[in-house]
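Counting from 1, the numbers follow the sequence of the chain as shown.
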Amino acid sequence: LGYDGFEPFSWVADTWEKEKGSLGPHMQAAKLPLISEYCSIALHDPTRRKAEIDKLVGFGRTIKKLGGTVAVVGPSTVPNDRAGFNFAASKADIVTTLNEVSKQLTDIGIIPALHPHTGTSIMTRDEVYAVLEAADTRVVKFCPDVGQLAKAGADPVKIVKDFLPLVRHAHVK
C-alpha cells in the first residue's frame, strides 16, 4: 500500500514476542519494518513509577530487537475522562517519570517521544508547554499528534513550530 513502516501498540508487539513467536518474520514477509511502538505509561502516578518505567524499558528492548527506533510515550488515560484530574498537582510527577523513563530508553538506544493525547494527563496546549518546558530535553523528545492537539482545542501548527527542535516522530490525521 506504499507504507514505509508501521507502529503497533507496544502490548501487541510484546504479546507476539512473548506468546506467539516473533513479529519479526511477519514484518519481513510483508516488507514492512517496525518504525516505532505506541507505549502507554501512567506518568502522573508516582506509586506506579518504577513498574511503569520497567514496563516501558521492556517495550524499548522489543522495539530495538525488531529494528525500530522510537518509543511513542503516550500518557495513560486518567479516571473519568479527566473530570477531577488536577494537572498542576500532578505536573512534578509527570515530569519526573517522563525524564526517568526517557533517560533509560535513551540509554538503550531508543528515542522517547512524548505524545500528548486527549483524555490523558497531558492533552491541552498549556499542559504540553508546561511539560516540555520543564522536561530534560536532552532525552525527552516530541511526537505531536496534530489531530489530538486540535481535538483538545490547541493550535497544532503553533505547537509543532514552537517545539520543532524536539520533534522526532509525528502522528498526522
Problem - Pair W16-S22, side-chain contact (heavy atoms from CB on, under 4.5 Å): steps then yes or no - result: CA-CA 6 Å; W16 269 89; S22 180; over 6 Å; no
Handout entry: Side-chain heavy-atom pair H44, S76 within 4.5 angstrom cut-off
Key = yes
Practice task
Using salt bridge (Lys or Arg N to Asp or Glu O under 4.0 Å) as the criterion, list what pairs up with D93, not counting sequence neighbours.
Solution key: R49
Problem - pair I63-T69: side-chain heavy atoms closer than 4.5 Å - result: no
Exercise for the section: Indicate the atoms forming the closest heavy-atom contact of A154 with P156, along with that distance. Expected result: O-CD, 3.1 Å
Problem - Heavy-atom neighbours of N86 CG exceed 12 at 6.0 Å - result: yes
Handout entry: For Q148 against T118, the heavy-atom pair lying closest together
Key = OE1-OG1, 2.6 Å
Practice task
For the residue pair T137 and F142, establish whether any side-chain heavy-atom pair is separated by less than 4.5 Å.
Solution key: no
Exercise for the section: Would you indicate whether the side-chain heavy atoms of T97 and I53 approach each other to under 4.5 Å? Expected result: yes
Exercise for the section: Kindly compute the distance separating CG (D54) from CZ (F59), expressed to the nearest 0.5 Å. Expected result: 11.5 Å
Exercise for the section: Identify whether V172 and M123 are in the same connected component of the hydrophobic contact network (ILVMFWY, side-chain heavy atoms under 4.5 Å). Expected result: no
Exercise for the section: Answer yes or no: is there a side-chain heavy-atom contact under 4.5 Å between H171 and V72? Expected result: yes
Problem - Any residue meeting salt bridge (Lys or Arg N to Asp or Glu O under 4.0 Å) with D155, in chain and number order, not counting sequence neighbours - result: none
Handout entry: 4.5 Å side-chain heavy-atom contact, V167 and P144
Key = yes
Problem - Side-chain heavy atoms of I108 within contact of R61, under 4.5 Å - result: yes
Problem - Nearest heavy atoms of L166 and K141, plus distance in Å - result: O-CB, 3.4 Å
Practice task
Tell me, please, which residues at least two apart from R48 pass salt bridge (Lys or Arg N to Asp or Glu O under 4.0 Å).
Solution key: E52
Practice task
Check P116 against L149 and note the closest heavy-atom contact, atom names and distance.
Solution key: CB-CD2, 4.4 Å
Handout entry: Side-chain touch L98/P75, heavy atoms, less than 4.5 angstrom
Key = no
Exercise for the section: Take V140 and L132 through the side-chain contact (heavy atoms from CB on, under 4.5 Å) test and state the conclusion after the steps. Expected result: CA-CA 8 Å; V140 175; L132 288 176; 4.2 Å; yes
Completion exercise
dist I94:CD1 -> N99:CG (nearest 0.5 Å) comes out at 12.0 Å
Practice task
Measure across P112 and T106 and return the closest heavy-atom pair with its distance rounded to 0.1 Å.
Solution key: CD-OG1, 3.6 Å
Practice task
Would you verify whether the NZ or CZ of R125 falls within 45 degrees of the ring axis of Y129 while also being under 6.0 Å from that six-membered ring's centre?
Solution key: yes
Fill in the blank from the handout: dist I111:CD1 -> L105:CG (nearest 0.5 Å) comes out at 10.5 Å
Exercise for the section: Please report the shortest heavy-atom distance between H117 and T120, naming the atom on each side. Expected result: O-OG1, 2.6 Å
Exercise for the section: Please step through salt bridge (charged side-chain N to carboxylate O under 4.0 Å, His left out) for the pair E100 and K50, ending with a clear verdict. Expected result: CA-CA 9 Å; E100 288 181 22; K50 182 180 179 340; over 6 Å; no
Exercise for the section: Could you tell me the separation between the CG atom of D14 and the NZ atom of K20, rounded to the nearest 0.5 Å? Expected result: 12.0 Å
Practice task
Tell me, with the steps shown, if E17 and T62 meet side chain to side chain donor-acceptor pair (under 3.5 Å).
Solution key: CA-CA 8 Å; E17 294 304 305; T62 299; 6.0 Å; no
Handout entry: For D126, all residues meeting salt bridge (Lys or Arg N to Asp or Glu O under 4.0 Å), sequence neighbours excluded
Key = none
Handout entry: Cluster link V157 to F163, ILVMFWY, side chain under 4.5 Å
Key = no
Practice task
Flag yes if I159 and I122 sit in one hydrophobic cluster, no otherwise; membership is Ile, Leu, Val, Met, Phe, Trp, Tyr, and two members link when side-chain heavy atoms are under 4.5 Å apart.
Solution key: yes
Handout entry: Inter-residue atom distance D107.CG - S102.OG, 0.5 Å rounding
Key = 10.5 Å
Completion exercise
By side-chain contact (heavy atoms from CB on, under 4.5 Å), A130 pairs with (sequence neighbours left out) F87, K91
Taking only distance into account, with no hydrogens and no angle test, what donor-acceptor pairs under 3.5 Å do side-chain atoms of residues 25-43 form with protein atoms, sequence neighbours excluded?
from : atom 1 : to   : atom 2 : distance (Å)
S36  : OG     : E7   : OE1    : 2.6
S36  : OG     : H169 : NE2    : 3.2

Exercise for the section: Please say whether more than 12 non-hydrogen atoms of neighbouring residues, nucleotides or ligands are located less than 6.0 Å from NZ in K173. Expected result: yes
